[in-house]
Protein chains: 2
Amino acid sequence: MSQNKRAELIQKALWLFYRNGFHATGMDLVAKETGVSKTSIYKHFRTKEDLILAVLRLRDENFRNMLLRGLEDKAAKPEDQLLALFDVLKDWFEEDSFQGCMFIKASAEFQEASHPINAQAMEHKRLLKEHFTDVARAAGFADPEAVACHLMILKEGAIVLAAMSHSCVPAGDAKEAARLVLAHSPRI
Amino acid sequence: MSQNKRAELIQKALWLFYRNGFHATGMDLVAKETGVSKTSIYKHFRTKEDLILAVLRLRDENFRNMLLRGLEDKAAKPEDQLLALFDVLKDWFEEDSFQGCMFIKASAEFQEASHPINAQAMEHKRLLKEHFTDVARAAGFADPEAVACHLMILKEGAIVLAAMSHSCVPAGDAKEAARLVLAHSPRI
DNA sequence: GATTGGGTTGACCGATCTGTTCATGTTTAG
DNA sequence: CTAAACATGAACAGATCGGTCAACCCAATC
């Protein structure tokens with residue numbers, strides 16, 4: 001299997017797991033939908049868990065890339081970037097393919113803290129928070145980690161509510177809340 | 001089966017689904033752990049989905065009751081109750097049995113918007129938001145629904161992060177963010 | 001053209017899934 | 001005491017689960 005084929009397999013598996021859930025998506029379906037026989041899949045991934053981990057690695061790379069790029073595109077100054085986060089999220093929510101946060105779902109289906117899949121999901125959140133902390137520091141906040149934590153909470157809450165009901169538009173509300181929080185967080 | 005037995009069955013099934021997930025918990029395990037034979041279970045619940053719906057109804061009742069009671073116990077004035085939400089959450093996070101929000105998990109495993117389980121999870125969130133809106137109105141906020149939405153976002157974010165990593169204490173951070181938001185939301 | 005060898009395949013394995021059946025207790029009510 | 005009502009465990013059906021295997025294809029080498 002070429003490297004291309006392998007990447008394509010992971011990409012399509014990502015979509016299946018994202019849409020149907022991890023336990024609910026069998027390897028037979030993955031084989032059928034990707035057009036790659038189960039035997040070939042298992043030649044490149046020892047177990048289903050290994051495939052899921054590869055999927056999550058791709059998702060982490062794609063998602064963080066999309067988000068960080070989005071922040072830079074929407075705003076130049078660090079402080080504006082922190083608020084622009086919720087504009088990027090809004091764009092994401094409005095995509096047809098939006099189905100919530102894959103890492104929250106992965107963590108929900110594999111809940112043991114020591115489980116590799118859960119650990120990988122946590123690592124994704126840690127990296128995001130780290131980035132927000134850096135931006136908050138550049139923006140001149142006195143406690144950049146606290147600011148990052150507040151943003152993370154608003155971000156996860158907005159995602160969860162956006163995934164559960166399309167009735168309200170939590171991205172807008174989250175941005176409004178973030179504006180209040182940022183406006184009154186102490187600067188250096 | 002007495003009404004007691006039935007309630008006990010639902011209670012134990014709740015714990016199993018909450019801890020292991022819905023798809024990952026088979027009916028054989030439910031029968032074994034509850035001490036109720038599979039035959040009897042299926043006499044009272046036509047399908048596994050029906051059992052899950054009953055479990056979610058119980059959870060909704062217990063959780064909303066615990067939360068509303070907690071708010072009233074922690075604070076008398078409506079505005080203080082809104083902030084006390086995050087003290088109640090903190091107590092919940094510190095329980096050994098804490099495993100995240102059951103409705104977020106249910107919604108993650110049954111993602112189709114029209115699925116009855118997803119609908120029930122959404123209804124739970126709707127009822128909570130409705131209550132927050134009432135309290136925010138009593139507290140004299142100019143836009144009680146917006147305040148409730150902000151609180152919901154902070155609440156869901158805090159729960160998700162608390163469930164994914166016990167390293168930080170998002171309840172405290174969420175309360176701090178909520179304090180900033182409430183302090184600068186317009187009053188009537 | 002014959003041989004080789006990596007990559008692919010459909011068929012298959014045992015286990016487990018939801019849900020049912022049934023013969024055998026075990027309660028409960030008259 | 002008897003009869004109806006209910007609960008039980010074990011086995012079953014049909015499907016699907018994660019995972020494996022011998023056979024096969026096809027391009028490269030001699």
Give every donor-acceptor pair under 3.5 Å between a side-chain atom in residues 111-119 of chain A and any protein atom, sequence neighbours left out.
from, atom 1, to, atom 2, distance (Å)
A:Q111, OE1, B:K105, NZ, 2.3
A:Q111, NE2, A:A108, O, 3.3
A:Q111, NE2, B:R19, O, 3.2
A:H115, ND1, A:I117, N, 3.1
A:N118, OD1, A:S107, OG, 3.4
A:N118, ND2, A:F110, O, 3.0
A:N118, ND2, A:Q111, O, 3.1
A:N118, ND2, A:E112, O, 3.4

Original post:
Within the modelled atom types, does a donor on one side and an acceptor on the other bring the side chain of A:S40 and the base of C:dT9 under 3.5 Å apart?
Top reply: no
**OP:** Spell out yes or no: do the side chain of B:T39 and the base of D:dG9 have one donor N/O and one acceptor N/O closer than 3.5 Å?
**Re:** yes
**OP:** Would you tell me if any nitrogen or oxygen in the side chain of A:S37 comes within less than 4.0 Å of OP1 or OP2 on C:dG10?
**Re:**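 No, because none of the side-chain N or O atoms of A:S37 sits under 4.0 Å from OP1 or OP2 of C:dG10.
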Nearest-Å distance for atom pair [atom1]/[atom2], residues [X] and [N]:
{"X": "B:R6", "N": "D:dC6", "atom1": "CZ", "atom2": "C1'", "answer": "15 Å"}
{"X": "B:N20", "N": "C:dC17", "atom1": "CG", "atom2": "C1'", "answer": "15 Å"}
{"X": "B:I52", "N": "C:dT18", "atom1": "CD1", "atom2": "C1'", "answer": "11 Å"}
{"X": "B:K43", "N": "D:dT8", "atom1": "NZ", "atom2": "P", "answer": "10 Å"}
{"X": "B:K5", "N": "C:dT27", "atom1": "NZ", "atom2": "C1'", "answer": "14 Å"}
{"X": "B:L9", "N": "D:dC6", "atom1": "CG", "atom2": "C1'", "answer": "15 Å"}
{"X": "A:F45", "N": "C:dT8", "atom1": "CZ", "atom2": "C1'", "answer": "16 Å"}
{"X": "A:I41", "N": "D:dC21", "atom1": "CD1", "atom2": "C1'", "answer": "16 Å"}

**OP:** Identify, with sequence neighbours excluded, every residue that meets ring-ring contact (aromatic ring centres under 6.0 Å, His included) alongside B:F17.
**Re:** B:F22
Nucleotide N/O to protein N/O under 3.5 Å, stretch nucleotides 23-25 of chain C:
none

**OP:** Please list, chain by chain and in numerical order, all residues satisfying side chain to side chain donor-acceptor pair (under 3.5 Å) with A:E49, sequence neighbours excluded.
**Re:** none
Subject >> Considering all heavy atoms, the nearest A:V30-A:T34 contact >> reply: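 Taking A:V30 first and A:T34 second, the nearest heavy atoms are O-OG1, 2.7 Å.
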Original post:
At their closest point, which heavy atom of B:A136 faces which heavy atom of B:V147, and how far apart are they?
Top reply: CB-CG1, 3.9 Å
Please output the side-chain donor-acceptor pairs of residues 174-185 of chain A that fall under 3.5 Å, not counting sequence neighbours, one pair per line with the distance.
from, atom 1, to, atom 2, distance (Å)
A:K175, NZ, A:D87, OD1, 2.9
A:K175, NZ, A:D87, OD2, 2.9
A:H184, ND1, A:L180, O, 2.9
A:H184, NE2, B:H184, NE2, 3.0
A:S185, OG, A:V181, O, 2.8

Original post:
Which pairs with one or both residues in residues 141-162 of chain A pass salt bridge (charged side-chain N to carboxylate O under 4.0 Å, His left out), sequence neighbours excluded?
Top reply: A:K125-A:E156, A:K129-A:E145
**OP:** Can you run down the salt bridge (charged side-chain N to carboxylate O under 4.0 Å, His left out) pairs that involve residues 29-39 of chain B, sequence neighbours left out, and say none if there aren't any?
**Re:** B:D28-B:K38
I'd like a table of donor-acceptor pairs (distance under 3.5 Å, sequence neighbours excluded) in which one partner is a side-chain atom from residues 53-61 of chain A, with atom names and distances.
from, atom 1, to, atom 2, distance (Å)
A:D60, OD1, A:R64, NH1, 2.7
A:D60, OD1, A:H124, ND1, 2.6
A:D60, OD2, A:R64, NH1, 2.7

Heteroatom pairs (N/O) under 3.5 angstrom, protein to nucleotides 16-18 of chain D:
from, atom 1, to, atom 2, distance (Å)
D:dG18, OP1, A:K48, NZ, 2.3
D:dG18, OP2, A:M27, N, 2.7

